[in-house]
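Atoms within a ligand are numbered from 1 in the order they appear, just like the ligands themselves.
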Amino acid sequence: MKTHVRKRKKKNGGYIIIAGCGRLGANLASTLSNIGENVIIIDKIEDAFRKLSPSFGGITVTGDATEMSVLSAAEIEKASAVIALTNSDNTNIMVAQLAKEMFSIDEVIARIYDPERECIYQDFGIETICPAELSMKEIDKMLPTIPLGLLEAEVAVK
Ligand code: AMP
């Protein structure tokens, strides 16, 4: 896939790279950009960048976030944090592992849809967020009369 880098505004200092400009990725990128962070956001579909807020001042990179040429275009070696938010667990894990192991980036977060795989990747030192687990915990908070017992304990989502 052809890699296309569109620069809107670039400041000095470390970057936060976000892989996946979906609903969450675009929202996070726009919010970080609005508070003055340097953001590079990658998506394989150029049209996805339309979800960014009009005031987004970061850099967009079109391409597959698991490809080295795309990560190089995003200057991953200069990143201070990498957040993998595509809709594919495998992609998010691959991006997170590359960031952690090849580029020694300390702050790496991956969204993992499958709760059963989440623990495995936490063992590799990758911070993970699992929407199903987070939702279960929020539901538990909203049902005080029916405590699910998930707020402290491990969440078991089948
Ligand atoms: P959402 O499901 O709304 O969180 O969107 C996920 C986003 O991840 C979509 O915009 C996809 O195009 C994007 N995406 C999925 N796989 C990749 C990939 N390998 N590289 C870059 N972006 C991806």
Side-chain angles (χ1 to χ4, degrees), residues 1-11 14-35 37-139 142 155 157-158:
M1 181 184 287
K2 193 169 151 256
T3 305
H4 172 67
V5 182
R6 187 147 46 97
K7 300 194 177 190
R8 295 188 188 177
K9 190 170 85 187
K10 186 172 174 181
K11 301 181 205 165
Y15 288 104
I16 299 167
I17 293 182
I18 298 173
C21 191
R23 290 150 292 187
L24 179 58
N27 203 328
L28 181 63
S30 299
T31 303
L32 287 168
S33 176
N34 285 344
I35 61 168
E37 295 290 340
N38 296 309
V39 181
I40 295 185
I41 186 152
I42 304 169
D43 202 288
K44 62 183 180 180
I45 299 169
E46 178 138 28
D47 208 44
F49 300 124
R50 290 170 57 178
K51 295 188 200 80
L52 292 164
S53 76
S55 59
F56 177 70
I59 297 168
T60 60
V61 176
T62 308
D64 184 334
T66 60
E67 285 181 13
M68 285 304 295
S69 60
V70 173
L71 294 174
S72 297
E75 298 182 281
I76 190 170
E77 69 283 354
K78 292 184 192 163
S80 52
V82 171
I83 307 169
L85 299 175
T86 76
N87 48 2
S88 156
D89 282 3
N90 287 340
T91 298
N92 293 342
I93 285 306
M94 199 182 294
V95 170
Q97 281 182 323
L98 285 170
K100 197 99 199 160
E101 284 159 29
M102 279 195 76
F103 296 97
S104 304
I105 292 161
D106 289 332
E107 292 181 61
V108 178
I109 304 172
R111 171 168 66 180
I112 305 294
Y113 282 112
D114 181 354
E116 288 181 13
R117 294 167 79 191
E118 194 190 14
C119 302
I120 303 168
Y121 296 113
Q122 279 176 345
D123 291 345
F124 292 137
I126 295 166
E127 296 282 350
T128 58
I129 49 162
C130 176
E133 268 193 27
L134 294 176
S135 302
M136 287 287 280
K137 285 180 182 168
E138 284 305 309
I139 289 167
M142 290 172 188
V155 185
V157 184
K158 298 286 174 207

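Partner of I76 under the side chain to side chain contact (heavy atoms under 4.5 Å, CB included) criterion, chosen from L71, I42, V95, L98: L71. Checking I16, I17, I41 one by one against I83, the side chain to side chain contact (heavy atoms under 4.5 Å, CB included) holds for a single residue, I16.
Residue T66 places every heavy atom at 4.0 Å or more from ligand 1. The closest approach between a heavy atom of G63 and any atom of ligand 1 is below 4.0 Å.
Remark: the backbone N or O of A26 is paired with a side-chain donor or acceptor of S30 at under 3.5 angstrom. Remark: side-chain polar atoms of T128 are not paired, donor with acceptor, to backbone N or O of R111 under 3.5 angstrom. The main-chain N or O of T62 is never found under 3.5 Å from a side-chain atom of K44 such that the two would form a donor-acceptor pair.
Of the listed residues (I41, D47, D43), the one carrying the non-hydrogen atom nearest atom 12 (O) of ligand 1 is D43. Heavy-atom proximity to atom 8 (O) of ligand 1, evaluated over N90, V95, L24, T86, is greatest for T86. Nearest to atom 15 (C) of ligand 1 by heavy-atom distance, out of I45, V61, N87, is N87.
For A65, heavy-atom contacts with ligand 1 shorter than 4.0 Å involve the backbone as well as the side chain. Under 4.0 angstrom from ligand 1, there are no non-hydrogen atoms of E67.
A donor-acceptor pair shorter than 3.5 Å cannot be found between the side chains of S88 and T86.
Taking atom 5 (O) of ligand 1 as the reference point, the nearest protein heavy-atom neighbour is G22 CA, 3.2 Å. Here the protein heavy atom with the shortest distance to atom 19 (N) of ligand 1 is D64 OD1, 2.9 Å. The protein non-hydrogen atom at the shortest distance from atom 22 (N) of ligand 1 is K44 N, 3.2 Å. For atom 3 (O) of ligand 1, the closest heavy atom belonging to the protein is R23 NE, 2.9 Å.
Close approach to G20 involves these atoms of ligand 1, each under 4.0 Å from a residue heavy atom: 8 (O). Annotation for ligand 1: atoms under 4.0 Å from non-hydrogen atoms of T91 are 18 (C), 19 (N). When each atom of ligand 1 is checked for a heavy atom of R111 under 4.0 Å away, the hits are 4 (O).
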